[in-house]
Amino acid sequence: MPDDDRDYERLREVAQAWTAQCSRTSVKMYEGEHGTEPSGVAPLYTAAAEIDSRKHLWVRASKALHEHGYEWPLGPYPEFRTHTMFVSRQPAGYAQLVPEACVQIQAKDDFIRIRIMYESGKESESGTTHAGKRNSVVDIAKKVIAYLRKR
């Protein structure tokens with residue numbers, strides 16, 4: 001415990017600053033190609049992780065997909081050729097999610113076609129990467145995020 005009120009106030013300031021830096025990043029995937037997150041439809045997969053919101057978007061999304069803290073449903077995961085991934089941020093202390101990106105994914109043969117639309121108004125991007133052998137929606141999402149982190 002702090003020795004006096006001044007130490008307590010300093011500790012409180014540090015704790016508030018630390019909390020302001022933290023947030024939860026969530027990734028949700030839906031079957032089909034969407035421009036906005038569908039309502040009334042259960043996602044194929046949802047993952048979330050607590051991470052500093054100052055980290056790059058794709059670093060945070062990767063942590064959500066790879067950290068086994070919050071995932072739903074538990075596997076095995078379905079295979080869909082076309083699905084959409086939504087990445088959102090939830091600042092500490094707020095219930096409302098802040099959408100950050102929509103990633104439309106089409107897996108065909110050995111390739112994954114990617115189209116990214118950012119909520120910030122940043123110009124959309126497109127790209128293609130190799131699909132590999134395992135192709136569940138979670139495997140594809142991890143490959144897409146790894147590709148986006150390298151760009």
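Between S23 atom OG and Q90 atom CD the span is 8.5 Å, to the nearest 0.5 Å. K150 contributes atom NZ, which lies 15.5 Å from atom CH2 of W58 (distance to the nearest 0.5 angstrom). Between the CG atom in L65 and the CD1 atom in I145 there is a gap of 6.0 Å [rounded to 0.5 Å]. If you take CG on D110 and OG1 on T129, they are separated by 11.5 Å, rounding to the nearest 0.5 Å. I116 contributes atom CD1, which lies 7.0 Å from atom OG of S126 (distance to the nearest 0.5 angstrom).
Two residues are said to be in side-chain contact when any heavy atoms from C-beta on lie closer than 4.5 Å; Y45 and M85 fail this criterion. Counting heavy atoms from C-beta outward, V59 and K63 have side chains that stay 4.5 Å or more apart. Looking at heavy atoms from C-beta onward, L57 lies in side-chain contact with Y118 at the 4.5 angstrom threshold. A 4.5 Å side-chain heavy-atom check between F80 and I105 finds every atom pair outside the cut-off. In this structure the side chain of P99 never reaches within 4.5 angstrom of the side chain of E37, judged on heavy atoms. Taking the side chain as every heavy atom from C-beta outward, E71 and Y77 approach each other to under 4.5 Å. For the pair T46/Y70, a side-chain contact is recorded, criterion being any heavy-atom separation below 4.5 Å from C-beta on.
Just one of R81, H83, E33 meets the side chain to side chain contact (heavy atoms under 4.5 Å, CB included) condition when paired with Q106; it is E33.
Hydrophobic clustering of Ile, Leu, Val, Met, Phe, Trp and Tyr side chains at less than 4.5 Å, counting indirect connections, unites L148 with V137. Y30 and L44 fall into different hydrophobic clusters, where Ile, Leu, Val, Met, Phe, Trp and Tyr side chains are chained together by heavy-atom contacts under 4.5 Å.
A salt bridge links R151 with E125: the distance from a Lys NZ or Arg NE/NH1/NH2 to an Asp or Glu carboxylate oxygen falls below 4.0 Å. Using a cutoff of 4.0 Å between basic side-chain nitrogens and carboxylate oxygens, E67 and R24 are not scored as salt-bridged.
Contact detail for S124 and M117: the closest heavy-atom pair is OG-CG, 3.5 Å. Taking each heavy atom of S53 and R89 in turn, the nearest pair found is CB-CD, 3.6 Å. Counting all heavy atoms, side chain and backbone alike, A47 lies closest to A64 at CB-O, 3.3 Å. Here the closest non-hydrogen pair linking A141 and M29 is CB-SD, 3.5 Å. When every heavy atom of G35 is checked against every heavy atom of C102, the shortest pair comes out as O-SG, 4.0 Å.
Counting only distance, with no hydrogens or angles, the side chain of K28 and the backbone of T84 share no donor-acceptor pair below 3.5 Å. Judged purely by atom type and a 3.5 angstrom limit, R115 has no side-chain atom pairing as donor or acceptor with the backbone of Q104.
Classified by interplanar angle (parallel below 30°, tilted 30° to 60°, perpendicular above 60°), the ring pair F86/H34 is tilted.
Residue-environment remark: NZ (K142) exceeds the threshold of 12 foreign heavy atoms within 6.0 Å.
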